[in-house]
Enquirer: 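Below is the structure I would like to discuss, written out as structure tokens.
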Amino acid sequence: MEHGQTEDLNDLMRRRREEYHELQQHGVQPYAYEFPVDAEAQEVLASFSDDDPQRDVAVAGRIMTIRRMGKASFTHIMDHTGKLQIYVKRDEVGEDSYKMFKLLDIGDIVGVRGFVFRTRTGEVSVHAKEIELLAKSLRPLPVPKEKTDEDGNKVVYDQFADKELRYRKRPLDLILNPSVKDVFIKRSQLIRSMRQFLDGRGYIEVETPVLQPLYGGAAARPFVTHHNALDMTLYLRIADELYLKRLIVGGFHGVYEISKDFRNEGMDRNHNPEFTMMELYVAYKDYRWMMELVEEMLFTINKAVNNTNSAVVGGEEIDFTPPFRRLSMFDSIKEHTGEDLRGKDEAELRAAAKRLGVELEDSDGPGKIIDEIFSERVEDKLIQPTFITDYPLELSPLAKKHRTEQGLVERFELYINGQEIANAFSELNDPIDQKERFVEQASLRARGDDEAMTFDEDYVETLEYGMPPTAGLGIGIDRLTMLLTGAESIRDVILFPTMRPEK
RNA sequence: GGGGCUGUAGCUCAGUGGUAGAGCAUCUGCCUUUUAAGCAGAGGGUCGAUGGUUCGAGCCCAUCCAGCCUCACCA
């Protein structure tokens, strides 16, 4: 795709290449080897004092604006902390340097040595004594114009706002829309804080296979690949669950993994084919214990990211202060629809769905009907953090039967802002029960449900050695990031979201 | 997969059938504290692609490609 690009150079790019050669002819190396930076934009601005205006600094960054006025010019450079104005005067930097400077463009990266001062119009700037080209930019950078109006509001003209281009050309997006970087800094803080939380409790971070001979642990269609030397089909993991629980059998008391999972399904605002999941398994604990851990973890993480007890999403303020509300699935449906589905058979459930205007497939069993009603009528009303507990058994082939409620499993999902953020259960550790569940899944698959779980004999065999009671948890990192940063699309929290190739 | 919208200069966008436009960016000239700097001038286009209708298509029609929004399914 990049071959032959020299033929397609438009005038702007041709011009920059000419400048590149011209600079070389004047003995200027267009790509320097290093520059000893000793100050950053934000800090220079913050620490300036009119009483002591002669501080010398060496700063470096990308040229974002240039205003040339004959024998003197102003330029803004941007480093990783922000923008800083540079004053370049011919009589100060010298004739050769000023000639070099005139060959520079928006997008070029420069190093500047000079002293900090305040201009006549009041902007703290660096008065350049030396300016040095560090990297020539050969492609035009669509830098938007900015103005600060009388009320101090920043007005941006010709913003780089095309979503397709922003996702395809993320480096440009990061340069031109600096607030994008904040989201990914927060994402990093989120993951770091989660690790600290889990490490602090002594859980071990592990790595399990991405390439799996059998995929499992969730209901989803996989990506399929092939290993040449073994001549076998391998699947990209859809979840880590079964491997992590093997490690609990192996004697780890608590393991977690922050992993990329892959699901071969539709893409939209909430789904990317590859996404990041944290899964945690802790021996001798159940799902009730896990609720408390989740509350505490999310409160801690949000505090680390947003420095408050809450986050704002879509105009709603989400309060992360524990404890979160706990509500059984049946009670949540009763609360939001008036229908009490407890103990109802399939015909009664279908009648309730009809009353509520929830459409069903003929093949939907009782568990699926309850889930449909919940999804349609309850889910999006759960704005503040709410644990929905005790799910129908058919929907949860890896969860343990409820200790008192017939037909249910000990499972919870945490809903925040109408979205599922966490999924957890008391893990099924009875190998005989587990085998029966897999058989049930296999029959669903035979009936054409291609999201039904595959029968993992090796996993059942592992359970037969004995797995302690275990609590398991999965948290979607991308969605949690969306929640904590107020992002509206998963593509805004993934640096390089999956895109169809151009052309 | 269904529905809606979009694709024109490097960027943001006008352009309802008759010689492709604006602002910014770029280039030339002037300008030594400017800040959407300013003034004067210049260059820049396979109008997403292919086919069709027409004397004539950026515009109308069809198909395709890509994207966004939305609904359905999924974390």
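By convention in this document, chain letters (A, B, ...) are assigned in the order of the sequence lines, proteins followed by strands, and residues within each chain are numbered from 1.
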Enquirer: Can you list everything that forms a salt bridge (charged side-chain N to carboxylate O under 4.0 Å, His left out) with A/Glu205? Sequence neighbours excluded, please.
Expert: A/Arg195

Enquirer: Tell me: CD1 of A/Ile494 to P of B/rA75, nearest whole Å?
Expert: 16 Å

Enquirer: Is the base of B/rA75 stacked against the aromatic ring of A/Phe275, taking ring centres under 5.5 Å apart and planes under 30° as the test?
Expert: yes

Enquirer: Of all the nucleotides listed (B/rU34, B/rU35, B/rA75), which has the minimum atom distance to the side chain of A/His76?
Expert: B/rU35

Enquirer: Would you mind reading off the distance between A/Leu103 atom CG and B/rC27 atom P, rounded to a whole angstrom?
Expert: 9 Å

Enquirer: Name the closest nucleotide to the A/Pro140 side chain, picking from B/rG10, B/rU32, B/rU34.
Expert: B/rG10

Enquirer: Less than 4.0 angstrom from a charged side-chain N to a carboxylate O is my criterion; do A/Asp56 and A/Lys129 meet it?
Expert: yes

Enquirer: Report the distance from atom CE of A/Met453 to atom P of B/rA75, rounded to the nearest whole Å.
Expert: 10 Å

Enquirer: Could you state the atom-to-atom distance from CD of A/Glu379 to P of B/rA72 in whole Å?
Expert: 11 Å

Enquirer: Counting just side-chain N and O atoms, does A/Arg67 come under 4.0 Å of either OP1 or OP2 of B/rU34?
Expert: no

Enquirer: Can you say whether a donor on the side chain of A/Gln85 sits under 3.5 Å from an acceptor on the base of B/rU34, or the other way round?
Expert: yes

Enquirer: Between A/Phe374 and A/Tyr415, does the ring centroid distance fall short of 6.0 Å?
Expert: yes

Enquirer: Quick check: are there more than 12 heavy atoms from other residues, nucleotides or ligands sitting under 6.0 Å from CD of A/Gln42?
Expert: no

Enquirer: Are A/Glu410 and A/Lys400 close enough for a salt bridge, meaning some N to O gap below 4.0 Å?
Expert: no

Enquirer: Cation over ring, A/Arg90 on A/Tyr98, under 6.0 Å and within 45°?
Expert: no

Enquirer: Any chance you could encode RNA chain B as dot-bracket? Rule is Watson-Crick or G-U wobble with both distances under 3.5 Å; [ ] for pairs crossing earlier ones, | for another strand.
Expert: (((((((..((((....[..)))).(((((.......))))).....(((((..]....))))))))))))....

Enquirer: Can you measure A/Arg68 atom CZ to B/rU33 atom C1' for me and round it to whole angstrom units?
Expert: 17 Å

Enquirer: Among B/rG10, B/rC73, B/rC27, find the nucleotide with the atom closest to the side chain of A/Leu12.
Expert: B/rG10

Enquirer: To the nearest Å, give me how far apart CD (A/Glu18) and C1' (B/rU28) are.
Expert: 14 Å

Enquirer: Does A/Met277 or A/Asp91 map to a spot on RNA chain B nearer the 5' end, using the closest nucleotide for each?
Expert: A/Asp91

Enquirer: May I ask you to decide if the ring planes of A/Phe117 and A/Tyr87 are parallel, tilted or perpendicular, using 30° and 60° as cut-offs?
Expert: tilted

Enquirer: Return the nearest nucleotide to the side chain of A/Glu420; candidates are B/rU32, B/rA75, B/rU35.
Expert: B/rA75

Enquirer: Using atom CD1 of A/Ile66 as one end and atom C1' of B/rC24 as the other, report the distance to the nearest whole Å.
Expert: 14 Å

Enquirer: Between A/Arg237 and A/Glu257 (salt bridge meaning N to carboxylate O under 4.0 Å), is one present in this structure?
Expert: yes

Enquirer: Given B/rU28, B/rU35, B/rA75, which nucleotide is nearest the side-chain atoms of A/Arg15?
Expert: B/rU28

Enquirer: Record whether the side chain of A/Thr119 comes under 3.5 Å of the base of B/rU34 through a donor-acceptor pair of N or O atoms.
Expert: yes

Enquirer: Taking only heavy atoms on the protein side, list every residue of residues 384-400 of chain A lying under 4.0 Å from any atom of RNA chain B, sorted numerically.
Expert: none

Enquirer: How long is the line joining CD1 of A/Ile238 and P of B/rC73, in whole Å?
Expert: 19 Å

Enquirer: Of the nucleotides B/rA75, B/rC31, B/rU35, which has the atom closest to the A/Met69 side chain?
Expert: B/rC31

Enquirer: Measure centre to centre between the rings of A/Tyr203 and A/Tyr256, then say whether the value is under 6.0 Å.
Expert: no

Enquirer: Assess whether atom NZ of A/Lys354 is packed by more than 12 heavy atoms of other residues, nucleotides or ligands within 6.0 Å.
Expert: no

